[in-house]
Amino acid sequence: MTDILIAAVAAAALCGIVALLLGLFLGFAGNAFKVEVDEREEAICGVLPGNNCGGCGYAGCSGLAAAIVKGEAPVNQCPVGGDECAAKIGEIMGVKAETGAKKVAFVKCAGTCEKAKVDYEYTGVEDCAAMAYVPGGGPKSCNYGCMGYGSCVKACPFDAIHVVDGVAVVDKDKCKACGKCIAVCPKNLIELVPYDAKHIVQCNSKDKGKDVMKACSVGCIGCGICAKNCPSEAVVVENNIAHIDQDKCTGCGICAEKCPKHIIL
């Protein structure tokens, strides 16, 4: 019995010594290898929305905060926080934050189920990226239009985009311009536009007019009537599709009135 007690005491003592040595080692290692964190970085993290959406181009809010402190990113880099967030970060960094026009995502397609023609009925995985492996790039006749399978809907962290009648539609008031939907769209249909944009061409087809009309009843046919009638020269036609320069557009509405396909919102 005595031998057992002695062995138990010795084992307990050994465990205690090992634990003490391990604690000392961890404490030394912690001090030796600790990374100093700038207080401003922590303060900026507290100001950022915390969505970690990646819309700023960095791996989450902490990544952006570190980049701002290092001078690698401007204080207004966060598209979700907007001007209010930028102003607070500017105060932390001791600089003035530049304000910019609020932007939202816009889907350049009006080819709803009724307006866009289809080549065949599709049954299978409903994912836009998967359509690259499907004959013709999907069932819709237009190779440039929205396929309506909602990859952008799944990617949006703010519930700001939904598929309505076969086409993705953005809720301007919910959109934070994070760019997630833009990155995931295989057709490059989505772009950021000013929140208060007066007129936008809701088409992305680069086909010639006759081919567009075969595929969609509302597609832009590149006729150029909008460009010819724009008094501020804000509209140009390139690659068979009309584009509106938002900086030049005055919102007169003449392009929308003259468009024979009524594709300018």
Side-chain angles (χ1 to χ4, degrees), residues 26-108 125-132 146-163 168-197 246:
L26 291 175
F28 171 77
N31 288 324
F33 299 105
K34 70 177 180 180
V35 178
E36 295 292 338
V37 179
D38 194 311
E39 293 182 356
R40 296 175 301 173
E41 188 175 325
E42 295 180 346
I44 292 173
C45 278
V47 170
L48 290 170
N51 296 94
N52 295 312
C53 62
C56 58
Y58 292 88
C61 294
S62 60
L64 174 59
I68 292 175
V69 170
K70 293 176 183 177
E72 298 173 354
V75 296
N76 61 353
Q77 184 77 1
C78 176
V80 179
D83 291 340
E84 183 179 353
C85 178
K88 292 180 180 178
I89 296 176
E91 291 179 3
I92 295 172
M93 294 298 295
V95 298
K96 183 178 180 182
E98 295 183 2
T99 58
K102 180 180 178 181
K103 291 191 174 183
V104 294
F106 178 76
V107 181
K108 298 179 290 183
V125 178
E126 295 191 351
D127 179 78
C128 298
M131 291 301 105
C146 177
M147 292 177 284
Y149 293 117
S151 292
C152 53
V153 177
K154 300 169 188 173
C156 179
F158 307 103
D159 191 36
I161 186 167
H162 297 91
V163 175
V169 179
V170 176
D171 185 330
K172 292 174 60 177
D173 295 321
K174 287 185 177 181
C175 180
K176 302 298 182 182
C178 71
K180 287 280 189 178
C181 58
I182 296 175
V184 78
C185 179
K187 297 287 188 179
N188 298 316
L189 269 173
I190 309 174
E191 65 179 18
L192 293 180
V193 300
Y195 178 87
D196 57 354
Q246 297 299 328

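The model shown is predicted, which means the values in this text are computed figures rather than measured ones.
Heavy-atom neighbours of K172 NZ from other residues, nucleotides or ligands within 6.0 Å: above the threshold of 12.
In terms of heavy-atom proximity, A65 sits nearest to C45 at CB-SG, 3.6 Å. Counting all heavy atoms, side chain and backbone alike, L48 lies closest to C61 at CD1-O, 3.3 Å. When all heavy atoms are compared, the tightest approach of E126 to K154 is O-NZ, 3.3 Å. Looking at every heavy atom in both residues, P194 comes nearest to V104 through O-CG2, 4.5 Å. Among all heavy-atom pairs drawn from P186 and A129, the shortest one is CG-N, 4.2 Å. Here the shortest heavy-atom pairing between G60 and N52 reads CA-OD1, 3.4 Å.
In this structure, the side chains of E191 and V107 stay at 4.5 Å or more apart for every pair of heavy atoms. Residues I161 and V169 fail the side-chain proximity criterion, which asks for heavy atoms closer than 4.5 Å. Using a 4.5 Å cut-off on side-chain heavy atoms (C-beta onward), V193 and Q246 make no contact. In this structure, the side chains of V47 and C85 come closer than 4.5 Å at one or more pairs of heavy atoms. Proximity of K180 to F158: side-chain heavy atoms (C-beta onward) are nowhere separated by under 4.5 Å.
In this structure, the separation between CG on L189 and NZ on K108 is 7.0 Å, given to the nearest 0.5 Å. A distance of 9.5 Å separates CE in M147 from SG in C152, rounded to the nearest 0.5 Å. Here the CD1 atom belonging to I182 is positioned 12.5 Å from the CZ atom belonging to F106, to the nearest 0.5 angstrom. Once rounded to the nearest 0.5 Å, the distance linking CE of M131 with NZ of K187 reads 10.0 Å. Note that SG of C78 is 12.0 Å distant from NZ of K88, once rounded to the nearest 0.5 Å. With rounding to the nearest 0.5 angstrom, the CG atom of D83 is 11.0 Å from the CD atom of E98.
Remark: side-chain polar atoms of N51 are not paired, donor with acceptor, to backbone N or O of C53 under 3.5 angstrom. Counting only distance, with no hydrogens or angles, the side chain of S151 and the backbone of C128 share a donor-acceptor pair below 3.5 Å.
Cation-pi geometry between K103 and Y195 is not met: the NZ or CZ atom fails to fall both under 6.0 Å from the ring centre and inside 45° of the normal.
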Handout entry: From CA spacing to verdict: side chain to side chain contact (heavy atoms under 4.5 Å, CB included), M93, I44
Key = CA-CA 9 Å; M93 294 298 295; I44 292 173; 3.9 Å; yes

